[in-house]
Asker: 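Next up is a structure, given as structure tokens.
In this chain, residues are counted from 1 in sequence order.
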Amino acid sequence: MVSSANTKANVKKVYAFDFDGTLTTRDTLIEFIRFAKGNVSFVVGFLLFSPILVLMKLGCYPNWKAKQKVFSYFFKGMSIREFEEKCKNFAECRAELIRLKGLKTVDKAVDENAKVVIVSASIENWVRAFFRQFGLDMVIISGTKIEVKNAVVTGQFIGNNCYGPEKVRRIQELFPDRKQYKLIAFGDSKGDRELLAYADESHYKPFRK
């Protein structure tokens with residue numbers, strides 16, 4: 001008979017991190033657009049979409065839909081090669097966006113041979129670029145997927161917005177046997193509420209001074 005202490009010790013760990021606000025100091029969609037398109041285009045674009053963004057803040061317009069419209073305005077028609085290059089350069093040039101304590105926690109989890117997943121509403125392409133040093137097999141990125149046709153960004157998203165209950169669904173999809181692991185989750189907003197409630201161990205706004 002296996003003791004309860006030994007059973008607990010053998011349970012695998014899964015670390016689930018939100019990205020924007022939790023591992024970063026700012027919203028990376030805004031920062032990426034500014035980086036990729038410049039300040040003038042950034043300001044013009046956001047002034048154009050300001051009515052929709054106000055409605056979104058008031059809860060009268062879906063968050064994912066507003067984000068998709070903004071993303072499409074700036075990146076529709078761009079080659080995926082150029083887009084990926086901008087993501088890579090963004091991560092390299094704006095490394096200070098990552099909270100050092102958060103990165104150290106990711107690094108520690110990887111060293112433990114735990115499963116690590118970044119589960120975020122941010123675009124997977126640039127989130128992935130911030131964790132290239134770990135390799136895709138070490139840190140799993142589960143975020144918003146963009147549609148690409150004929151090697152060109154269409155401006156559309158694929159699948160559900162990775163927000164709220166969708167974060168839990170993503171974890172369940174990746175790690176379906178809930179009894180086989182301990183889930184440790186990190187988040188900072190209402191979009192992480194369900195994930196934090198689902199976890200065995202939750203950390204809210206953990207990497208701030």
Asker: Under the criterion side-chain contact (heavy atoms from CB on, under 4.5 Å), which of Phe186, Phe17, Tyr15 is the partner of Val106?
Answerer: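 By the side-chain contact (heavy atoms from CB on, under 4.5 Å) criterion, Val106 pairs with just one of Phe186, Phe17, Tyr15: Phe17.
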Asker: Is there a side-chain contact between Lys182 and Ile184 (heavy atoms, below 4.5 Å)?
Answerer: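 A side-chain contact exists here, since the closest heavy-atom pair is under 4.5 Å.
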Asker: Should Asn161 and Asn63 count as side-chain neighbours, where that means a heavy-atom distance under 4.5 Å?
Answerer: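 The answer is yes; the side chains approach within 4.5 Å.
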Asker: With clusters defined by side-chain heavy atoms of hydrophobic residues (ILVMFWY) lying less than 4.5 Å apart, directly or transitively, does Leu48 cluster with Ile33?
Answerer: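 Same cluster: Ile33 reaches Leu48 through Ile, Leu, Val, Met, Phe, Trp or Tyr contacts under 4.5 Å.
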Asker: Hey, is Lys86 close enough to Glu84 for a salt bridge, meaning N to O under 4.0 Å?
Answerer: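 Between Glu84 and Lys86 there is no salt bridge, as every charged N stays at least 4.0 Å from the carboxylate O atoms.
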Asker: When hydrophobic residues are tied together by side-chain contacts of less than 4.5 Å, even through go-betweens, does Ile158 share a cluster with Val127?
Answerer: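 They do not share one cluster, since no chain of ILVMFWY contacts under 4.5 Å joins Ile158 to Val127.
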Asker: Between Lys108 and Glu112, does at least one N-O distance fall below 4.0 Å, as a salt bridge requires?
Answerer: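 Salt bridge between Lys108 and Glu112, a charged N being under 4.0 Å from a carboxylate O: yes.
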Asker: Given Phe32, which of Phe71, Phe83, Phe42 fulfils the ring-ring contact (aromatic ring centres under 6.0 Å, His included) condition?
Answerer: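 Answer to the ring-ring contact (aromatic ring centres under 6.0 Å, His included) test with Phe32 among Phe71, Phe83, Phe42: Phe83.
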Asker: Distance from Leu100 atom CG to Thr105 atom OG1, nearest 0.5 Å?
Answerer: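 OG1 of Thr105 is found 9.5 Å from CG of Leu100.
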Asker: Is Glu173 paired with Arg170 through a side-chain N to carboxylate O contact shorter than 4.0 Å?
Answerer: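 So Arg170 does not pair with Glu173 through a salt bridge.
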Asker: With distance as the sole test, does Arg99 use its side chain to make a donor-acceptor pair with the main-chain N or O of Thr24 at under 3.5 Å?
Answerer: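 The answer is yes, because a donor-acceptor pair under 3.5 Å joins these two groups.
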Asker: Could you walk me through whether Phe131 and Phe19 pass the side-chain contact (heavy atoms from CB on, under 4.5 Å) check?
Answerer: CA-CA 11 Å; Phe131 299 94; Phe19 187 63; 3.7 Å; yes
Asker: Look at the side chain of Thr144 and the backbone N and O of Ala121, then say whether any donor-acceptor pair between them is shorter than 3.5 Å.
Answerer: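 At least one qualifying donor-acceptor pair exists.
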Asker: Can you find a pair of side-chain heavy atoms, one from Lys13 and one from Glu201, that are under 4.5 Å apart?
Answerer: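 A side-chain contact under 4.5 Å is absent here.
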Asker: Are side-chain heavy atoms of Lys65 and Gln68 found at a separation under 4.5 Å?
Answerer: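 Contact flag for Lys65/Gln68 side chains = no.
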Asker: Flag the pair Glu194 and Lys167 as a salt bridge only when some basic side-chain nitrogen lies within less than 4.0 angstrom of an acidic carboxylate oxygen.
Answerer: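 The answer is no: the pair does not qualify as a salt bridge.
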Asker: Output the distance between atom OG (Ser41) and atom CZ (Arg34), rounded to the nearest 0.5 Å.
Answerer: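 Taking OG in Ser41 and CZ in Arg34, the distance rounds to 12.0 Å.
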Asker: When clusters are formed by joining ILVMFWY residues with side-chain heavy atoms under 4.5 Å apart, either directly or through shared neighbours, do Phe75 and Leu47 land in the same one?
Answerer: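 Phe75 and Leu47: one cluster.
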Asker: Compare every heavy atom of Gly187 with every heavy atom of Pro206, then report the nearest pair and how far apart it is.
Answerer: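 For Pro206 and Gly187, the tightest heavy-atom pair comes out as CD-O, 3.9 Å.
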Asker: Check the pair Arg26 / Arg94 against side-chain contact (heavy atoms from CB on, under 4.5 Å), numbers first and verdict last.
Answerer: CA-CA 11 Å; Arg26 298 180 185 180; Arg94 300 302 309 278; 4.2 Å; yes
Asker: Evaluate the criterion side-chain contact (heavy atoms from CB on, under 4.5 Å) for residue pair Ile52 and Val70; output intermediate values, then yes/no.
Answerer: CA-CA 10 Å; Ile52 288 176; Val70 171; over 6 Å; no
Asker: From Lys101 NZ over to Arg208 CZ, what is the distance, rounded to the nearest 0.5 angstrom?
Answerer: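 Answer rounded to 0.5 Å: 12.0 Å.
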Asker: Mind checking whether Val14 and Leu196 sit in one hydrophobic cluster, side chains of I, L, V, M, F, W, Y counted as touching below 4.5 Å?
Answerer: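 Each belongs to a different hydrophobic cluster.
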Asker: What's the separation between atom NZ in Lys88 and atom SG in Cys93, rounded to the nearest 0.5 Å?
Answerer: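 With rounding to 0.5 Å, NZ (Lys88) is 9.0 Å from SG (Cys93).
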Asker: Do any N or O atoms from the side chain of Lys69 and from the backbone of Phe49 form a donor-acceptor pair under 3.5 angstrom?
Answerer: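 Checked: no pair found.
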Asker: Around atom CG of Asn150, are there more than 12 heavy atoms of other residues, nucleotides or ligands at under 6.0 Å?
Answerer: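 Incorrect, the count does not exceed 12.
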Asker: Do Arg178's NZ or CZ and the ring of Tyr198 fall within the cation-pi criteria of under 6.0 Å and 45°?
Answerer: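 Geometry flag: set, cation within 6.0 Å and 45°.
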Asker: Could you see if Phe175 belongs to whatever hydrophobic cluster contains Leu183? Use Ile, Leu, Val, Met, Phe, Trp, Tyr and a side-chain cutoff under 4.5 Å.
Answerer: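 Phe175 clusters together with Leu183.
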Asker: So does Asp188 get a backbone contact from the side chain of Thr22, meaning a donor-acceptor N/O pair under 3.5 Å?
Answerer: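 Confirmed, Thr22 side chain pairs with Asp188 backbone.
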Asker: Minimum heavy-atom separation for Ser142 and Val117, please, with both atom names.
Answerer: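 Residues Ser142 and Val117, closest heavy atoms: CB-CG2, 4.2 Å.
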Asker: At their closest point, which heavy atom of Gly155 faces which heavy atom of Ser72, and how far apart are they?
Answerer: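 Closest heavy-atom pair between Gly155 and Ser72: O-CB, 3.5 Å.
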Asker: Do Asp107 side-chain atoms and Leu103 backbone N/O form a donor-acceptor pair below 3.5 Å?
Answerer: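 A pair under 3.5 Å: no.
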Asker: Let me confirm one number: the CZ-OG1 distance from Phe207 to Thr25, rounded to the nearest 0.5 Å.
Answerer: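 Result: 13.5 Å between the selected atoms.
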Asker: Can you tell me how far SG of Cys162 sits from CH2 of Trp64, rounded to the nearest 0.5 angstrom?
Answerer: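 Output value for this atom pair is 15.0 Å.
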Asker: Are Phe157 and Ile123 close enough, and set up right, to give a side-chain contact (heavy atoms from CB on, under 4.5 Å), and what steps lead you there?
Answerer: CA-CA 9 Å; Phe157 296 158; Ile123 307 300; 3.8 Å; yes
Asker: Is it the case that over 12 heavy atoms from other parts of the model lie below 6.0 angstrom from the NZ atom of Lys67?
Answerer: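 Count over threshold, so yes.
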Asker: Look only at the side chain of Asp27 and the backbone of Leu29, and say whether a donor-acceptor pair between them is shorter than 3.5 Å.
Answerer: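 Indeed, once roles are kept as given, a pair shorter than 3.5 Å links the two residues.
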Asker: Where do Asp20 and Thr28 come nearest, in terms of heavy atoms and distance?
Answerer: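 Here Asp20 and Thr28 meet closest at OD1-OG1, 2.7 Å.
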Asker: Within the structure provided, determine whether Val44 and Tyr73 are in side-chain contact (heavy-atom separation under 4.5 Å).
Answerer: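 Answer yes - side chains close enough.
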Asker: List the atom of Ala16, the atom of Ile171, and the distance in Å for their closest heavy-atom pair.
Answerer: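 Looks like CB-CD1, 3.9 Å.
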